[in-house]
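Okay, structure first, notes after.
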Amino acid sequence: ASFFVCSEASEVWEVLPSQPKKKQKIPIQPRFQLKRRKQRGFGILRKSVFFCMDLKLHPLKKINIAIDGYSACGKSTTAKRVAQQLGFTYIDSGAKNRAVSLYLEENQIPFGSDSPGVKQALADIYIEQKLYPTELGTHTYLNGEDVESKLRTQGISQIVSQVSTLKSVREEMVAQQQRMGKNKGVVMDGRDIGTVVFPNADLKVFMIADLKIRAVRRQNEFAQRGM
């Protein structure tokens with residue numbers, strides 16, 4: 001088996017080839033069976049394996065995968081792993097909004113409303129995401145500068161929700177994301193990805209997890225960043 005899948009940030013399943021039944025009316029090759037491999041201990045409300053495919057046996061055509069869900073459920077971790085295994089492009093939609101927030105903050109541009117300053121800033125912003133396979137993820141570049149370490153600070157976390165709700169910011173980010181997914185082969189996670197950004201995505205996933213487990217995961221995340 002060459003691909004392991006996460007079940008709502010809780011379990012990892014191993015994909016194994018399975019022998020088709022002799023009297024199967026509509027043969028589908030190859031078939032698969034799932035074997036539970038390991039408990040992650042994150043906790044979930046229900047179990048549902050959302051994707052399984054052994055790439056060595058069955059090459060996958062390019063599709064768009066949209067992963068939505070509550071915060072601290074493991075959306076990004078799952079999306080990065082799926083993109084890496086499939087050889088797809090991973091797009092961190094949340095990082096794009098954080099990059100815009102960082103630009104507005106560093107350039108002292110008021111963002112209380114859709115001001116002309118915000119719209120001008122969007123015209124001056126170029127956001128690029130580069131894949132680093134060894135780190136299982138991407139680094140976000142803002143106008144050529146690697147700003148990944150700046151995006152997850154407490155200060156940016158406090159303003160990104162307000163910035164991302166601005167109409168001009170939302171429209172520009174959605175347009176960028178839709179352009180990136182035009183040629184397929186994209187895995188994207190974030191809020192409203194399956195309803196607004198990729199409403200016609202080939203595969204949509206909504207991830208959930210127990211509230212207490214989500215709180216512990218976020219607390220551990222902040223602790224690792226020294227926050």
Side-chain angles (χ1 to χ4, degrees), residues 62-69 71-72 74-111 114-194 196-198 201 218 221-222 224-227:
K62 285 188 174 183
I63 64 174
N64 285 338
I65 302 175
I67 301 180
D68 202 335
S71 60
K75 296 189 300 294
S76 296
T77 301
T78 301
K80 292 173 186 177
R81 191 175 294 272
V82 170
Q84 185 185 56
Q85 291 289 341
L86 300 182
F88 285 6
T89 299
Y90 167 64
I91 300 175
D92 186 347
S93 63
K96 286 180 172 289
N97 288 324
R98 286 175 176 271
V100 173
S101 302
L102 177 65
Y103 184 90
L104 297 179
E105 179 77 4
E106 289 186 338
N107 289 277
Q108 300 181 348
I109 299 174
F111 49 84
D114 257 327
S115 64
V118 172
K119 295 179 181 179
Q120 179 58 48
L122 290 172
D124 298 333
I125 291 174
Y126 176 70
I127 302 172
E128 184 181 12
Q129 291 181 315
K130 297 181 180 180
L131 179 65
Y132 286 79
T134 56
E135 300 178 17
L136 191 62
T138 58
H139 277 214
T140 302
Y141 287 75
L142 175 60
N143 294 337
E145 178 190 355
D146 186 346
V147 294
E148 189 65 29
S149 61
K150 298 180 181 180
L151 300 184
R152 312 294 173 177
T153 63
Q154 188 70 21
I156 297 302
S157 296
Q158 289 176 346
I159 66 173
V160 64
S161 296
Q162 183 179 358
V163 172
S164 62
T165 57
L166 296 176
K167 183 179 179 181
S168 58
V169 173
R170 186 158 181 77
E171 288 179 349
E172 178 61 26
M173 293 300 101
V174 169
Q176 284 190 21
Q177 292 158 8
Q178 289 176 336
R179 286 196 295 269
M180 296 177 76
K182 188 175 181 179
N183 295 323
K184 303 280 190 171
V186 162
V187 182
M188 185 180 299
D189 72 278
R191 299 293 178 87
D192 300 330
I193 293 300
V196 178
V197 182
F198 289 154
R218 185 50 52 86
E221 181 182 318
F222 287 156
Q224 290 174 358
R225 294 172 184 162
M227 300 167 61

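- A distance of 10.0 Å separates CD in Glu172 from CD in Gln177, rounded to the nearest 0.5 Å.
- Between the CZ atom of Phe111 and the OG atom of Ser164 there is a distance of 11.0 Å, given to the nearest 0.5 Å.
- One side chain, Ser157 or Arg98, offers a donor N or O that lies under 3.5 Å from an acceptor on the other.
- Under a 3.5 Å cut-off, the side chain of Glu148 and the backbone N or O of Thr140 do form a donor-acceptor pair.
- Counting only heavy atoms from C-beta outward, the side chains of Val187 and Ile91 never approach each other to under 4.5 Å.
- The distance from the CE atom of Met188 to the CD1 atom of Ile193 is 5.5 Å, given to the nearest 0.5 Å.
- Between the OG atom in Ser101 and the CD1 atom in Ile109 there is a gap of 11.5 Å [rounded to 0.5 Å].
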Between Asn97 and Met173, does the side-chain contact (heavy atoms from CB on, under 4.5 Å) criterion hold? Intermediate values first, please. CA-CA 7 Å; Asn97 288 324; Met173 293 300 101; 3.3 Å; yes
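- Between Lys75 and Asp92 there is no salt bridge, since no side-chain N of the basic residue sits under 4.0 Å from a carboxylate O of the acidic one.
- Going from atom NZ of Lys80 over to atom CD of Gln85 covers 15.0 Å, rounded to the nearest 0.5 Å.
- Lys184 NZ: more than 12 foreign heavy atoms inside a 6.0 Å radius.
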Run the numbers on Val118 and Val169 for side-chain contact (heavy atoms from CB on, under 4.5 Å), then give the verdict. CA-CA 8 Å; Val118 172; Val169 173; 4.0 Å; yes
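- Contact between Phe198 and Ala66 at its shortest, heavy atoms only, is CB-CB, 4.4 Å.
- Taking all atoms of both residues into account, the shortest heavy-atom contact from Ala99 to Ile127 is CB-CD1, 3.9 Å.
- Between the Thr77 side chain and the Gly74 main chain, no donor and acceptor come within less than 3.5 Å of each other.
- Taking the side chain as every heavy atom from C-beta outward, Tyr90 and Ser76 approach each other to under 4.5 Å.
- Here the shortest heavy-atom pairing between Gln178 and Val196 reads NE2-O, 3.5 Å.
- Without hydrogens or angle criteria, Glu128 side chain to Tyr141 main chain gives no donor-acceptor distance under 3.5 Å.
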Run Glu105 and Gln158 through side-chain contact (heavy atoms from CB on, under 4.5 Å) and show every step you take. CA-CA 11 Å; Glu105 179 77 4; Gln158 289 176 346; over 6 Å; no
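- Looking only at side-chain heavy atoms (C-beta outward), Gln120 and Ile125 stay at 4.5 Å or farther from each other.
- A cation-pi arrangement is not found for Lys62 relative to Phe88, the charged atom failing to lie both closer than 6.0 Å to the ring centre and inside a 45° cone about the ring normal.
- Using a 4.0 Å cut-off between charged side-chain N and carboxylate O, Glu106 and Lys150 make a salt bridge.
- Here the closest heavy-atom approach between residue Asp189 and residue Ser93 is recorded as O-OG, 2.6 Å.
- Here the closest non-hydrogen pair linking Leu102 and Ile156 is CA-CD1, 3.7 Å.
- Remark: the backbone N or O of Tyr126 is paired with a side-chain donor or acceptor of Asn143 at under 3.5 angstrom.
- Counting all heavy atoms, side chain and backbone alike, Leu151 lies closest to Ala95 at CD1-O, 3.9 Å.
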